[in-house]
Every structure is written in C-alpha cells, then in structure tokens.
*Asks:* 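Please see the structure below; I have some questions.
None of the values given here were measured: they were computed from a predicted structure.
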Amino acid sequence: RSDFRQKKMQRIKAEIERLHPDGLALDYFRYFIYWEGIDPQRGPEDFPAYCFDASCVREFLRSTKLRLCAGVPLDSESVSRKLSDEIWLRHRDEWYRWRTRRMAENAREFTEFIHRNSPGLPIVLHAVPWSRNEFDGARQKIVGQDLRLLAPYFDYGSPMEYSALTHRDAGWVAELN
C-alpha cells in the first residue's frame, strides 16, 4: 500500500535527521508471523498466511494478470474471501512468488529512499531465522523473505537467532550460520 509505505519512509527520514545514526536496521520487514512462537516440530500447514485484503488481492491480480471469478468487484469482504480462497486453492505458488517479489520491491523502494536521504548509511535486514528449506520454505512463502532477492538491497543481514524463543538449543545457531 503506497500510502502506508510513504508514511513509513517519511518517519524513517525524520528519525535519521533527528538521530544521525551510524546504521539503520529494518525490523519487521516481512509479512507478519509470530515466528518466535513456532514450534520446530510444526509444519507449514499450521502457519497463517496473511494479506488477503482487497488491496493485496487487487495488486496480486494486476501484477500476475490472472483472471479470477470473472466480473467480481474487489470492494466487499465476502468478495475478497471468495477471491482469496480461489488464490489459495488454485494459485498458491503464484501467490508465494508475488509475496517475495513484493518484499524485494519494498526493499528496493525503501533502501533507495534511505540512501537518497542519507548516502552511505549502512542498512541491516533483520531476517526470520529459518533456513531456506525449513518448514517447506516458509521463510519465503509465508514471511516473504527470500534472502537471494533481498540481498542486493541491504549491506548486512542479521538473522534473529534467539534459541530460547525458538525452542531450540544453542547449537542450532551455529547450524543456521
């Protein structure tokens, strides 16, 4: 949503001007999931998949050129539900790819804005600490963080490796890196 992104960028600009930081970390740069509470024994079918509101569905349809429920407007909750069900049941892989591309586009937009306003300021991405294949690729599919697509826009990546919160022993951190 363009208006939301613009407000966030203006807030970042104001804080950079106020604080003059040595670096900037972008946290919550993803689709929502309470990843800290995911038990490693659970599967991706247990994970919620968000962002099926009319705005996201409209952008997805425009981007992919898919035709769903022909002639149905995107202006009511029930219509959005119909379309989201159709996307989830018939076009899930396209939906996952769109989400990761959307996050990469957001990364480009935000980092270009930050560098225009503060050239040379290092930018860090806080990443959900799951490997690429863990939970059947949930970091990409559910969270929208495909590190290969995001890497060109960030100076550093910081996986949020909180072993106590993820129900794993400390040795897991070494495996992740």
*Asks:* Under 6.0 Å from the ring centre and within 45 degrees of the ring axis: does the NZ or CZ of R92 meet both conditions for the six-membered ring of W88?
*Replies:*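 The answer is yes; both the distance and angle limits are met.
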
*Asks:* Flag the pair R139 / R132 as yes when at least one side-chain heavy-atom distance between them is below 4.5 Å, and no otherwise.
*Replies:* yes

*Asks:* Please walk me through it: do E94 and R99 pass side chain to side chain contact (heavy atoms under 4.5 Å, CB included)?
*Replies:* CA-CA 9 Å; E94 291 96 333; R99 289 165 58 87; over 6 Å; no

*Asks:* Should L147 and Q140 be marked as a side chain to side chain contact (heavy atoms under 4.5 Å, CB included) after you check the CA-CA gap, both sets of side-chain angles, and the distance that decides it?
*Replies:* CA-CA 8 Å; L147 300 184; Q140 298 81 242; over 6 Å; no

*Asks:* Taking side chain as C-beta onward, heavy atoms only, is I16 less than 4.5 Å from P21?
*Replies:*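 Of all side-chain heavy-atom pairs linking P21 with I16, at least one is under 4.5 Å.
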
*Asks:* When clusters are formed by joining ILVMFWY residues with side-chain heavy atoms under 4.5 Å apart, either directly or through shared neighbours, do L66 and I87 land in the same one?
*Replies:*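 Same hydrophobic cluster.
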
*Asks:* Rounded to the nearest 0.5 Å, how far apart are OH of Y31 and SG of C56?
*Replies:* 6.0 Å

*Asks:* Within the supplied structure, the quantity of interest is the number of heavy atoms (other residues, nucleotides, ligands) at a distance under 6.0 Å from R11 CZ; does it exceed 12?
*Replies:* no

*Asks:* Shortest non-hydrogen contact from H115 to G120?
*Replies:* CD2-N, 4.0 Å

*Asks:* If I take atom CD1 from residue I12 and atom CD from residue Q10, how far apart are they, to the nearest 0.5 angstrom?
*Replies:*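 Here the rounded value is 9.5 Å.
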
*Asks:* Out of curiosity, D85 CG to L83 CG, how far, rounded to the nearest 0.5 Å?
*Replies:* 9.0 Å

*Asks:* Quick one: name the residues clustered hydrophobically with Y156, using the 4.5 Å side-chain heavy-atom rule over I, L, V, M, F, W, Y, and just say none if it's on its own.
*Replies:*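 Once heavy-atom contacts under 4.5 Å are chained together, Y156 belongs with V124.
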
*Asks:* At what distance, to the nearest 0.5 angstrom, does NE2 of H126 lie from CZ of F154?
*Replies:* 10.5 Å

*Asks:* Quick one, I142 and F135 - any side-chain contact, counting heavy atoms below 4.5 Å?
*Replies:*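 They are not in side-chain contact.
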
*Asks:* Which pairs pass salt bridge (charged side-chain N to carboxylate O under 4.0 Å, His left out) with one or both residues in residues 16-31, sequence neighbours excluded?
*Replies:*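 Of all non-adjacent pairs touching residues 16-31, those that pass salt bridge (charged side-chain N to carboxylate O under 4.0 Å, His left out) are E15-R18.
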
*Asks:* Report the C-alpha separation of F110 and F29 in whole Å, then their side-chain angles, then the decisive distance to 0.1 Å, and conclude whether the ring-ring contact (aromatic ring centres under 6.0 Å, His included) test is met.
*Replies:* CA-CA 10 Å; F110 272 78; F29 203 82; 5.7 Å; yes

*Asks:* May I ask you to test the D155-L125 pair for a side-chain heavy-atom distance under 4.5 Å?
*Replies:* no

*Asks:* Using atom types as modelled and distance alone, determine if a side-chain donor or acceptor of T111 lies under 3.5 Å from a backbone N or O of A107.
*Replies:*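 Flag set: sc T111 to bb A107 pair under 3.5 Å.
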
*Asks:* Answer yes or no: is there a side-chain heavy-atom contact under 4.5 Å between M103 and D146?
*Replies:*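 No; the side chains remain at least 4.5 Å from each other.
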
*Asks:* Backbone N or O of F60 within a donor-acceptor pair of the T64 side chain at under 3.5 Å?
*Replies:*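 Yes; at least one donor-acceptor contact below 3.5 Å.
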
*Asks:* Does S118 reach the main-chain N or O of L121 with its side chain, forming a donor-acceptor pair under 3.5 Å?
*Replies:* no

*Asks:* Is the backbone of I114 close enough, under 3.5 Å, to the side chain of K13 for a donor and an acceptor to pair up by distance?
*Replies:* no

*Asks:* Could you give the distance from OG (S2) to CE (M9), rounded to the nearest 0.5 Å?
*Replies:* 7.0 Å

*Asks:* Do other residues, nucleotides or ligands put more than 12 heavy atoms under 6.0 Å from the CZ atom of R5?
*Replies:*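 Yes, enclosed.
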
*Asks:* Are any side-chain N or O atoms of E105 and backbone N or O atoms of R102, one a donor and one an acceptor, separated by less than 3.5 Å?
*Replies:* no

*Asks:* Supply the atom-to-atom distance W98 CH2 to L61 CG, rounded to the nearest 0.5 angstrom.
*Replies:* 9.5 Å

*Asks:* Working note: E109 + N106, criterion side chain to side chain contact (heavy atoms under 4.5 Å, CB included); need CA distance, chi angles, decisive distance, verdict.
*Replies:* CA-CA 5 Å; E109 184 179 8; N106 286 345; 4.1 Å; yes

